[in-house]
Amino acid sequence: MHLRKAKLMFFWVRYPSSAVLKMYFPDIKFNKNNTAQLVKWFSNFREFYYIQMEKYARQAISEGMKTPDDLHVAGDSELYRVLNLHYNRNNHIEVPPNFRYVVEQTLREFFRAIQGGKDNEQSWKKSIYKVISRLDDPVPEYFKSPNFLEQLE
DNA sequence: TTGGGTCCTG
DNA sequence: CAGGACCCAA
């Protein structure tokens with residue numbers, strides 16, 4: 001399986017269905033195991049992502065930010081450095097504009113929840129996950145190219 | 001029963 | 001990231 005490619009796809013989709021994933025890996029002969037592994041990868045990707053988002057949101061609050069509208073993520077921010085290092089290690093591709101939007105929305109969702117003290121409730125993150133799951137974008141066609149990874153180098 | 005998903009580990 | 005426990009919907 002192509003871990004690097006899967007990570008890059010995360011910039012477009014956070015909750016891809018197994019059916020969609022399979023379409024973007026035409027060179028893989030899928031079976032129960034590797035499909036489960038691929039799905040598991042995205043679950044792990046999300047975990048890392050949400051941990052960063054929560055951390056950043058709490059930091060903003062601790063620094064005195066009062067409204068989620070003030071929450072903007074600069075392209076040169078520490079948050080981006082971390083995310084890029086994780087999903088786009090060697091800067092293979094340019095981070096799509098929509099991902100920046102998704103990150104901003106995610107931060108604001110966490111901000112509102114934490115600021116409102118919702119983080120003390122049972123499964124307060126679930127509602128946030130639901131919102132973010134609706135922000136997936138279509139993955140570029142070129143990801144289906146057989147020599148996708150080679151073209152990156 | 002399965003196939004996702006999350007949470008928590010290692 | 002992989003494993004495994006556990007939950008939920010189909």
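Side chains are part of it too, since the values below use all heavy atoms of this structure and drop only hydrogens, waters and symmetry mates. Each chain gets a letter, A, B and so on, in the order its sequence line appears, and its residues count up from 1.
Atom CD1 in A:Ile51 sits about 11 Å away from atom P in C:dC1, given to the nearest Å. Rounded to whole Å, the distance from CZ on A:Phe42 to P on C:dA2 is 13 Å. In this entry the distance linking CD of A:Glu47 with P of C:dA2 reads 12 Å, nearest Å. As rounded to whole Å, 12 Å separates atom C1' of C:dC1 from atom CZ of A:Arg89. Rounded to whole angstrom, the span from the CZ atom of A:Phe48 across to the P atom of C:dA2 amounts to 16 Å. If you take CG of A:Leu85 and P of C:dC1, they are 12 Å apart, rounded to a whole angstrom.
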Run the ring-ring contact (aromatic ring centres under 6.0 Å, His included) test on A:Tyr49 and A:Phe10 for me, step by step, so that the C-alpha distance in whole Å, both residues' side-chain angles and the decisive distance to 0.1 Å come before the verdict. CA-CA 10 Å; A:Tyr49 177 77; A:Phe10 190 77; 5.6 Å; yes
Would you sort out whether A:Arg58 and A:Asp119 count as a side-chain contact (heavy atoms from CB on, under 4.5 Å), showing the intermediate values? CA-CA 11 Å; A:Arg58 286 184 184 289; A:Asp119 57 331; 3.1 Å; yes
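Side chain of A:Thr35 to backbone of A:Lys32: a donor-acceptor contact under 3.5 angstrom is found.
Remark: A:Glu109 engages A:Arg112 in a side chain to side chain donor-acceptor pair (under 3.5 Å) (not counting sequence neighbours). For A:Phe143, the ring-ring contact (aromatic ring centres under 6.0 Å, His included) test picks out A:Trp12, A:Phe148, with sequence neighbours left out. A:Glu104 is linked by a side chain to side chain contact (heavy atoms under 4.5 Å, CB included) to A:His72, A:Val73, A:Arg108, counting only residues two or more places apart in sequence or in another chain. Judged as a ring-ring contact (aromatic ring centres under 6.0 Å, His included), and not counting sequence neighbours, the contacts of A:Phe42 are A:Phe45. Contacts of A:Tyr24 classified as ring-ring contact (aromatic ring centres under 6.0 Å, His included), with partners at least two apart in sequence or in another chain: none.
Looking at residues 7-28 of chain A, you'll see A:Lys7 sit with a heavy atom under 4.0 Å from some atom of DNA chain C. A heavy atom lying under 4.0 Å from DNA chain C marks none of the residues of residues 109-116 of chain A.
In this structure, a donor-acceptor pair under 3.5 Å is absent between the side chains of A:Tyr50 and A:Thr106.
Pairs passing the salt bridge (charged side-chain N to carboxylate O under 4.0 Å, His left out) check and including a residue from residues 13-23 of chain A, sequence neighbours excluded, read A:Arg14-A:Asp136.
In this structure, the side chains of A:Phe25 and A:Lys144 stay at 4.5 Å or more apart for every pair of heavy atoms. Side-chain contact check for A:Tyr80 versus A:Arg100: some heavy-atom pair is nearer than 4.5 Å. Residues A:Lys7 and A:Arg89 are in side-chain contact: their nearest non-hydrogen atoms beyond the backbone lie under 4.5 Å apart.
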Paired and unpaired positions of DNA chain C as dot-bracket, Watson-Crick or G-U wobble under 3.5 Å, | denoting a partner strand: ||||||||||
What donor-acceptor contacts under 3.5 angstrom involve side-chain atoms of residues 122-133 of chain A, with partners at least two apart or in another chain?
{"from": "A:Lys125", "atom 1": "NZ", "to": "A:Glu54", "atom 2": "OE1", "distance (Å)": "3.0"}
{"from": "A:Ser127", "atom 1": "OG", "to": "A:Trp124", "atom 2": "O", "distance (Å)": "3.3"}
{"from": "A:Ser133", "atom 1": "OG", "to": "A:Lys130", "atom 2": "O", "distance (Å)": "2.6"}

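Contact footprint of chain A on DNA chain B: nucleotides with an atom under 4.0 Å from a non-hydrogen protein atom, first to last in 5' to 3' order, B:dG3 to B:dC8.
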Enumerate the protein-to-nucleotides 5-9 of chain C contacts in which both atoms are nitrogen or oxygen and the separation is below 3.5 Å.
none

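Criterion: ILVMFWY side-chain heavy atoms under 4.5 Å apart, direct or through other members. Under it, A:Leu85 and A:Met9 are not part of a common hydrophobic cluster.
Regarding contacts with the backbone of C:dC1, every side-chain N or O of A:Gln37 stays at 4.0 angstrom or more from both OP1 and OP2.
Backbone-only contact: A:Phe45 has heavy atoms under 4.0 Å from sugar-phosphate atoms and none from a base.
When the options A:Leu135, A:Asn88, A:Leu83, A:Val13 are evaluated for a side chain to side chain contact (heavy atoms under 4.5 Å, CB included) with A:Phe99, the one that passes is A:Leu83.
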